[in-house]
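Some notes on the structure that comes next.
For clarity, every value in this text was computed on a predicted model and none was experimentally measured.
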Amino acid sequence: MRAASSPACLSPLLLCLCVLQRSYGTPSAPSPTFIHNQTKLPDGNKDSHHRPKRGWIWNQFFVLEEHIGPDAQYVGKLHSNSDKGDGSVQYLLSGEGAGNIFTINELTGDIHAKKSLDREKKSHYILHAQAVDRFTNRAVEPESEFIIKVQDVNDNAPKFPDGPFSAFVPEMADIGTSVFQITATDADDPTYGNSAKIVYSILQGQPFFTVDPKTGVIRTALPNMDRETREMYSVIIQAKDMAGSVGGLSGSTTVNISLTDVNDNPPQFPQKNYQLYVPESAQVGKAVGKIRANDEDLGINSEMTYRITNEEGAAMFSISTDSDKREGIISLRMPLDYEKKKAYSLNIEGINTHLDPRFSYLGPFKDTTMLKLIIGDVDEAPVFTMDYYIMDVYENAPAGTEVGMVTAQDPDSTRSKVRYSIDQNAEGDALFSIDVDSGLVTTTRSLDREEVAWHNITVMASEIDNPNLVSYVPVTVQVLDVNDNAPYIATDSPLVVCEGFKAGQVIQTIRATDKDNFANGRFTFALPEDLPANPNFTLKDNEVPHVVTQITLISSLLLFLLFFQYRCKANRAVSSETRSVFIMAQGSLVETAGL
């Protein structure tokens with residue numbers, strides 16, 4: 001293939017494709033580029049008339065999209081210079097859209113588009129042109145390919161396929177802070193004219209925001225935009241093609257811009273003085289009230305802590321922040337007593353916990369208030385003068401002996417009279433009684449220390465005016481000892497002395513006990529004076545209470561206990577002598593034992 005240098009080289013067959021342009025302002029088509037495509041005949045290298053080589057000649061052409069006229073749109077013309085007008089040459093068209101979109105007049109070679117085309121659906125069509133002899137059906141020129149390009153017109157407005165949009169920017173942001181970048185699309189040909197050249201503008205949202213006409217970046221236009229004053233802005237952005245010129249198509253979308261919160265508001269108590277009623281019966285450690293400072297900020301920017309700043313209030317009450325870190329919970333630290341103090345004043349401070357140094361000039365980020373707590377009088381149970389009582393009484397004392405006295409008073413200002421009683425469920429209730437008016441405790445029978453040395457009872461006190469208000473106190477009664485028990489020698493075992501025992505040797509240890517206590521239970525050991533003395537034995541008192549006395553052999557005698565005979569280890573028979581030894585353990589009471 002080679003390019004033709006002049007129109008004279010296009011004989012004898014010339015294919016003319018004429019493109020008509022619309023007359024209503026569309027740009028003209030580019031100047032046609034002629035291409036010479038030389039092709040040999042299929043039946044030989046030479047013809048009988050020695051004609052010059054034939055070749056297809058066409059120019060690239062266009063057809064306007066969106067044709068709305070009543071007639072088919074004229075596209076171009078096929079023509080051969082060998083066509084004498086006698087109808088012997090037939091023009092044929094094949095390829096994309098041939099027949100249903102593009103038609104050709106077989107005699108004249110005129111090509112028409114019978115349908116309106118849409119460049120955005122299909123931008124070009126590839127077709128094939130052919131000229132044949134109508135009678136022999138032989139090709140006058142071989143088939144050749146060409147393109148019909150659909151020329152764009154501005155028939156598509158810019159669109160925002162993902163709109164509407166949501167964007168966020170911190171309140172109090174500086175002027176020019178970037179908020180959001182918006183992008184529109186245009187289905188027209190961006191390479192042809194200005195049909196797809198978009199310019200952005202703001203239709204609604206001024207003077208708060210601006211938009212860059214080329215990039216679509218939205219920025220803040222005012223300083224100190226306050227979320228607490230206005231939180232949401234609906235900004236309408238327009239995109240217009242044809243570079244924004246008159247006649248361009250446009251589309252718009254909404255960008256909902258929300259101001260996010262920053263800590264630019266200090267907490268504030270709605271009132272400078274509060275009053276709260278608290279009954280004196282409130283439990284220590286339990287909440288007695290709540291207080292809250294308002295903060296117009298959100299989230300962590302509104303979180304705060306509370307504290308009691310005066311010493312007296314902090315000693316009696318504590319304050320903590322709830323789980324949402326909004327309210328202060330006031331709890332009782334010490335018991336309340338209406339009769340001692342009827343009111344307390346708390347100086348309370350609320351402080352933001354998350355400060356932003358950029359807005360410190362708007363501070364201080366704290367506030368104070370005064371809370372007065374009025375203590376309410378509650379009818380309370382009687383109060384004993386002691387937390388517990390310890391009393392004593394001697395054993396063997398007769399029934400009705402005074403043991404001790406308990407005292408309780410009504411703590412309320414009414415000073416109601418008090419009645420006393422012993423808790424019937426407690427231990428020792430049958431051994432003691434109490435005077436209902438005076439609280440005097442007495443015995444109901446004689447007590448024995450050696451049986452039970454300590455007794456525990458529970459005394460109850462109730463108001464006469466309100467018997468349901470009852471208080472309790474433990475009372476412990478100690479039974480004091482008297483010397484009412486003689487010493488007791490526990491053993492009656494016989495004493496055996498072997499023949500070979502030496503003088504001075506300990507032959508027996510005697511033990512005795514006394515049930516009385518240490519002072520009344522001391523005793524000594526001695527031989528009874530009314531019994532004849534035995535020179536063969538001595539008795540030594542170790543002077544240890546409740547312990548021992550030793551019997552020592554004086555001379556070598558062989559002793560046998562009554563009715564009992566003992567043989568020593570010498571394996572010989574021995575003669576026996578029975579003797580009786582009497583031992584006396586002497587205290588204030590006497591106990592004797594015979595050995």
For the NZ atom on K372, are there more than 12 heavy atoms of other groups (residues, nucleotides or ligands in this structure) within a distance under 6.0 Å? no
Kindly determine whether S345 and M370 satisfy side chain to side chain contact (heavy atoms under 4.5 Å, CB included), including the steps that lead there. CA-CA 7 Å; S345 294; M370 195 275 285; 4.1 Å; yes
Okay, side chain of T254, backbone of I236: is any donor-acceptor separation there less than 3.5 Å? no
When you compare the side chain of I374 with that of L276, does any pair of heavy atoms fall below 4.5 Å? no
Identify whether the distance between the nearest side-chain nitrogen and carboxylate oxygen of D410 and R415 falls below 4.0 Å. no
Counting N and O atoms only, with roles assigned by atom type, does the side chain of T253 sit under 3.5 Å from a partner on the main chain of G163, one being a donor and the other an acceptor? no
Residues in side-chain hydrogen bond (donor to acceptor under 3.5 Å, both in side chains) contact with S258, at least two apart in sequence or another chain: none
Please check if the side chain of E280 supplies one atom and the backbone of D337 the other of a donor-acceptor pair under 3.5 Å. no
Mark yes or no for whether R219, through its side chain, and G176, through its backbone, hold a donor-acceptor pair below 3.5 Å. yes
M225 and L259, any side-chain heavy atoms less than 4.5 Å apart: yes
Residues V179 and A167: closest non-hydrogen pair is CG1-CB, 4.0 Å
What distance separates I257 CD1 from F180 CZ, expressed to the nearest 0.5 Å? 9.0 Å
Verify, without hydrogens or angle tests, whether T458 (side chain) and P474 (backbone) share a donor-acceptor contact under 3.5 angstrom. no
Test side chain to side chain contact (heavy atoms under 4.5 Å, CB included) on Y233 and N256 and set out the steps. CA-CA 6 Å; Y233 296 84; N256 294 313; over 6 Å; no
Is the OH atom of Y394 crowded by more than 12 outside heavy atoms at less than 6.0 Å? no
Which residue in the set N301, N294, D297 passes side-chain hydrogen bond (donor to acceptor under 3.5 Å, both in side chains) when paired with N265? D297
V255 side chain near P164 side chain, heavy-atom distance below 4.5 Å: no
Run the numbers on K341 and E312 for salt bridge (charged side-chain N to carboxylate O under 4.0 Å, His left out), then give the verdict. CA-CA 12 Å; K341 192 172 181 62; E312 181 189 43; 3.2 Å; yes
Carboxylate-amine/guanidinium contact D324 R326, below 4.0 Å: no
Tell me, with the steps shown, if R227 and T260 meet side-chain hydrogen bond (donor to acceptor under 3.5 Å, both in side chains). CA-CA 7 Å; R227 184 198 66 82; T260 58; over 6 Å; no
Ignoring hydrogens and geometry beyond distance, is a side-chain donor-acceptor pair present between T442 and S433 at under 3.5 Å? yes
For atom CD of Q181, decide whether the heavy atoms of other residues, nucleotides or ligands shown that lie under 6.0 angstrom number more than 12. yes
Report the C-alpha separation of D484 and N396 in whole Å, then their side-chain angles, then the decisive distance to 0.1 Å, and conclude whether the side-chain hydrogen bond (donor to acceptor under 3.5 Å, both in side chains) test is met. CA-CA 9 Å; D484 58 345; N396 302 328; 3.0 Å; yes
Distance in Å, I434 CD1 paired with I422 CD1, rounded so as to fall on 0.5 Å steps: 5.5 Å
Any chance you could measure K325, atom NZ, to D295, atom CG, to the nearest 0.5 Å? 14.0 Å
Would you say OH of Y388 has more than 12 non-hydrogen atoms from neighbouring residues, nucleotides or ligands within 6.0 angstrom? no
Report yes if the side chains of E380 and L469 come closer than 4.5 Å at any heavy-atom pair, otherwise no. no
Counting only N and O atoms by type, is there a donor-acceptor contact under 3.5 Å from the side chain of Q409 to the main-chain atoms of T385? no
Given the ring of F208, does R230 sit roughly above its face, with NZ or CZ under 6.0 Å from the centre of the six-membered ring and within 45° of the axis? yes
Please step through side chain to side chain contact (heavy atoms under 4.5 Å, CB included) for the pair I319 and I348, ending with a clear verdict. CA-CA 9 Å; I319 189 169; I348 298 177; 3.9 Å; yes
For P335 against M316, the heavy-atom pair lying closest together: O-CE, 3.6 Å
Keeping the roles fixed (side chain from R333, backbone from A314), state whether a donor-acceptor pair exists under 3.5 Å. yes
Are T369 and L346 packed together at the side-chain level, in the sense that at least one heavy-atom pair is separated by less than 4.5 angstrom? no
Within-4.5 Å side-chain heavy-atom neighbours: V235 and I202: yes
Within-4.5 Å side-chain heavy-atom neighbours: H455 and Q478: no
If you count heavy atoms of other groups shown closer than 6.0 angstrom to CD of Q271, is the number above 12? yes
Given T353, L362, I300, N352, the one that forms side chain to side chain contact (heavy atoms under 4.5 Å, CB included) with N263: N352
Closest non-hydrogen atoms of T444 and A430, given as atom of the first, atom of the second and distance, are OG1-O, 2.6 Å
So CD of Q268 and CD of E296: to nearest 0.5 Å the spacing works out to 8.0 Å
Whether Y420 side chain and A408 backbone form a donor-acceptor pair below 3.5 Å: yes
Inter-residue atom distance L373.CG - I330.CD1, 0.5 Å rounding: 6.0 Å
Please name the pair of heavy atoms, one in F384 and one in Y472, separated by the smallest distance, quoted to 0.1 Å. CE1-C, 3.8 Å
For L447 and L431, what are the C-alpha separation, side-chain angles and deciding distance, and is it a side chain to side chain contact (heavy atoms under 4.5 Å, CB included)? CA-CA 8 Å; L447 303 178; L431 302 178; 4.2 Å; yes
Closest non-hydrogen contact found for V470 with S462 is CG2-CB, 3.9 Å
A quick test of your reading: do over 12 heavy atoms of other residues, nucleotides or ligands sit less than 6.0 Å from CG of D387? no
Would you indicate whether M232, at its atom CE, is surrounded by more than 12 heavy atoms from other residues, nucleotides or ligands within a distance under 6.0 Å? yes
Donor-acceptor under 3.5 Å (T476 side chain, M391 main chain): no
In terms of side-chain geometry, is the basic nitrogen of K272 or D367 positioned less than 4.0 Å from the acidic oxygen of its partner? yes
Quick check against the 3.5 Å criterion: does T443 have a side-chain atom that pairs as donor or acceptor with the backbone of T401? yes
Between CD of E349 and OH of Y306, what distance do you get to the nearest 0.5 Å? 11.5 Å
Quick check: closest heavy atoms across G350 and P267, and the distance to 0.1 Å? O-CG, 3.7 Å
Charged N-O contact under 4.0 Å between K515 and E450: no
With a sphere of 6.0 Å drawn around CD of E402, does it hold more than 12 non-hydrogen atoms of other residues, nucleotides or ligands? no
